[in-house]
Structures are given as C-alpha cells and as structure tokens.
Amino acid sequence: MRRYLAAGAALLAAATAGVAAVRAGGEDRPASAGSTAPATAEITRGDLVDTTTVDGTLTYAGERGIAATAAGVVTRLPAPGAVIGQGAALYEVDRRRVVLMYGTVPLYRTLRQGIADGPDVRQLERALRTLGHGRDLTADTHFSSATAAAVRRWQGDNGLVKTGSVDAAQVLFLPAPVRLVETKAATGDRIAPGRPVLTVTSTRRVVHVDLKASDQALAKKGARVTVELPDGASVPGKIVSVGTVAERPEPAGGSGSGQSESPTIDVEIRLDGVPKSGRLDEAPVTVTMESARREGVLSVPVEALLALREGGFGVELVDPGSVRRVVGVRTGAYGGGRVEITGPGLSAGMKVGVPAL
C-alpha cells in the first residue's frame, strides 16, 4: 500500500524549502513604479480533505462454489469467463442439463403435485413463465396441474424426461446471472453428489482491498472513494463492506519463507456505473480514500506559506492596492495542496502572495 501524501510536517517543510526567512509584522510595502503585480491566491473557507491511496484489485462480487447434485459422468462444462443466465445450463452430467433458474430459496425438496405450498413453488412458476413455458401460469405457492404441465414443456425443451416434477439434479436456484471463474472437474470425470464442480461469481464488478488493520479508520461503510482503473480512467465508488476480522496474509514465498505480512481486513467497493475495463479480472487498481477532513476552515495553497525568522509560518497579505505585509499564522490540517491557517484579521476573500509561475 502506498501513501499518496507525505506527512503534514514534511509537506510544509517542502513547501517552504529554499524560501528566505522573513519577519512578521513588517512595514507595508507598496509595489514599486512599473513593477508587475505579485502572483496571488485567495484565502478560502471550506472543507479541507486529505487523502490516502491504497492498492486494490478489480474483480467480481459474490464468489461461491457449486457442487454436484447427481452422480454420473461430466459431459459438458462452460468455459471460464462465461456468463450463465436463467434457462442456461451450468453443466451437464450424463448429458442431462443442470439449469440455472432465478430464486433465493434453495431447491431443498422435489417440486411436484401434492407437495405443501411454499415460496420455492412460486419462484419455479415465475421462472417457467419468464422462460416461455407457462404464460398463463399463476405464480403462487401452489403446485397445480398447470404447473406440472409447464414443467413437462420445459423438460421437453431441455432434453429431460418429462416427469412433471423438478429436483436438484435438474435445477439450481440462484438470485441472478453468474460468471464462471473456474471448473473443479473435467469433462469425463465421474462425480458424486457433493463434489465441487464450479466456482462462480456474480456479474457485478467490485474492487477488493486488503487494507492494513492499522489503517482500518480509513474505511467507513458508505464512504465515497475514487478508483483508478488499469487504463488510467478514474471512476467513483462506494465502500459497501468492511471486514471485522483481521487476517494475516501468507508471505510471498510461502509459509516457510519468513515472517508473514501485517494483518489486513477485507474492504469491498462498489463502482458507480460499469467501468470500461472489458473482461479484466484480478487487475490491479489504485483506490483513493479520504483520510482526514476539516470542515469550514480558512486555507491557502501550501506554497503561500513563508518561513518566519522568529519561527513558525506566515503569509504575505496583498491588498487591492498591491500593498503587501507579512503576518504570522498558525497552520492546521492540510490536503489537496492546501493548508489550514488561523490568525487575527484573516478572512475569506483576502489575497496572499504565491510564487509566480
């Protein structure tokens, strides 16, 4: 992880390096005849925000495994990266399709006429209607003869035996389309129920950050961030989850290569809109997070600060007639190239001298 800004003291020192020390409270100095007006900047009042950047990874949300629900030989698997939607086969066993349908209730029982009513029946009927096998079907909790007829039509179109009942060897209910990450079996493998077959994710792009536990204060759920993508484009995002358990990553060379790295927490960021990043997965990105904020303070560009002979800092006030005088100020927070200042007589709108470009 990399800090975007140096520590405040270092930043202020760099801003004043090479500047001759001046005395605060000196006499007013009008501009000489024929001289050009000094470069100036305005004292402004507003929020001062400091930021920190960390490394992240562009990936997909909701990784999960899918296990076999029937014994047999794997006869078809999708290719990694494939997006599988409602009505499509997740894989095939003995040339029998295991089809994805949308729903949040797992298929924990065989759905057929005579079973008790339930929400799993409703989600099956909704899926059948969406897939065109039951346009006149009422999506309720009751498995009727009309439901069985719609199931048989669907089974016929998918090369399945027309039993009119549905079990977990035919259908897997998931809330939305999935994207295949990797296969855990190969075509031709003989599998049994419970064996891992696929690893999938949702199709929603997210950024994952392994944030040092010591930097946990940077990550607040709901906070806005900016993400720089691999192509250099920046997109806004929002922190949607922050882990509560710190984990210690394995050393890069393995468990026997020495001391492990600092503990980290998982941070997930949702991107606003779809980034133009193609099918990139596990691509490195840079995340800019807000590390500090001071609200409603007076601030000037850091380069407006002057080192005072008596110690501390000052600014050169420039009035409308180009009369200049140096006044001492107290510095506070910094961020975005500006620094908070306080002092008697200072107000928003005043002009201060800055180095000419």
Side-chain angles (χ1 to χ4, degrees), residues 1-12 46-65 175-176 178-179 181 199-252 259-277 279-297 299 302 332-340:
M1 299 182 183
R2 297 164 292 143
R3 292 290 184 188
Y4 182 63
L5 294 176
L11 181 62
L12 298 181
D47 294 352
L48 203 60
V49 179
D50 191 10
T51 57
T52 297
T53 62
V54 297
D55 295 330
T57 304
L58 181 65
T59 185
Y60 292 84
E63 182 173 308
R64 59 160 293 168
V178 294
R179 176 183 174 275
V181 177
T199 300
V200 299
T201 66
S202 74
T203 57
R204 179 168 58 88
R205 304 304 297 267
V206 295
V207 169
H208 178 84
V209 174
D210 289 321
L211 187 67
K212 286 184 179 179
S214 58
D215 291 333
Q216 185 173 4
L218 294 174
K220 296 180 177 62
K221 187 175 180 180
R224 306 299 303 183
V225 300
T226 300
V227 178
E228 184 178 341
L229 299 172
D231 61 1
S234 293
V235 295
K238 180 180 180 180
I239 297 176
V240 294
S241 69
V242 180
T244 57
V245 178
E247 301 175 351
R248 191 176 294 275
E250 281 289 326
Q259 188 174 6
S260 59
E261 298 180 10
S262 300
T264 62
I265 57 172
D266 294 332
V267 177
E268 186 173 293
I269 297 165
R270 183 182 67 209
L271 300 179
D272 293 348
V274 180
K276 296 179 180 179
S277 53
R279 293 178 174 268
L280 284 177
D281 192 10
E282 300 298 319
V285 297
T286 301
V287 181
T288 301
M289 297 178 169
E290 182 179 306
S291 56
R293 176 182 289 270
R294 288 274 290 162
E295 297 182 350
V297 299
S299 69
V302 172
Y334 68 97
R338 299 184 70 85
V339 59
E340 176 188 1

Distance alone, cut at 3.5 Å: any donor-acceptor contact between the side chains of Tyr60 and Arg204? no
Of all heavy-atom pairs between Leu58 and Leu271, which one has the smallest distance, and what is that distance? CD1-CD1, 3.8 Å
Begin with the C-alpha distance, continue with both residues' side-chain angles, and end with the deciding distance and a verdict on side chain to side chain contact (heavy atoms under 4.5 Å, CB included) for Thr53 and Val287. CA-CA 5 Å; Thr53 62; Val287 181; over 6 Å; no
Distance, nearest 0.5 Å, that separates CD of Glu228 from OG1 of Thr288: 7.5 Å
Looking at Gly332, is its backbone amide N or carbonyl O close enough to the side chain of Glu340 to form a donor-acceptor pair, meaning the two atoms are under 3.5 Å apart? no
Enter the distance from Thr57:OG1 to His208:NE2 here, rounded to the nearest 0.5 Å. 7.0 Å
Gap between atom NZ of Lys212 and atom CG of Leu218 - 0.5 Å precision: 11.5 Å
From CA spacing to verdict: side chain to side chain contact (heavy atoms under 4.5 Å, CB included), Ile265, Val245: CA-CA 6 Å; Ile265 57 172; Val245 178; over 6 Å; no
When every non-hydrogen atom of Leu48 is compared with those of Ala333, the smallest separation belongs to CD2-O, 3.2 Å
So how far is it from Glu63 CD to Ser202 OG, rounded to the nearest 0.5 Å? 10.5 Å
What distance do Asp47 atom CG and Ser299 atom OG have between them, rounded to the nearest 0.5 Å? 10.0 Å
Where Val209 and Gly56 come nearest, the two heavy atoms and their spacing: CG2-CA, 4.0 Å
What are the two closest heavy atoms between Asp215 and Leu211, and how far apart are they? O-CD2, 3.4 Å
Would you say Glu290 and Asp50 make side-chain contact, with heavy atoms under 4.5 Å? no
Separation between NZ (Lys238) and CD (Glu268), nearest 0.5 Å, reads 13.0 Å
Heavy-atom check, side chain of Val285 versus side chain of Pro230, under 4.5 Å: yes
Are Ile269 and Val240 close enough that some pair of their side-chain heavy atoms sits under 4.5 Å apart? no
Take Met289 and Val54 through the test side chain to side chain contact (heavy atoms under 4.5 Å, CB included) and record every step on the way to the result. CA-CA 8 Å; Met289 297 178 169; Val54 297; 4.2 Å; yes
Please say which of Val200, Val178, Thr199, Val181 ends up in a side-chain contact (heavy atoms from CB on, under 4.5 Å) with Arg64. Val200
Walk me through whether Ile239 and Val267 qualify under side chain to side chain contact (heavy atoms under 4.5 Å, CB included). CA-CA 7 Å; Ile239 297 176; Val267 177; 4.0 Å; yes
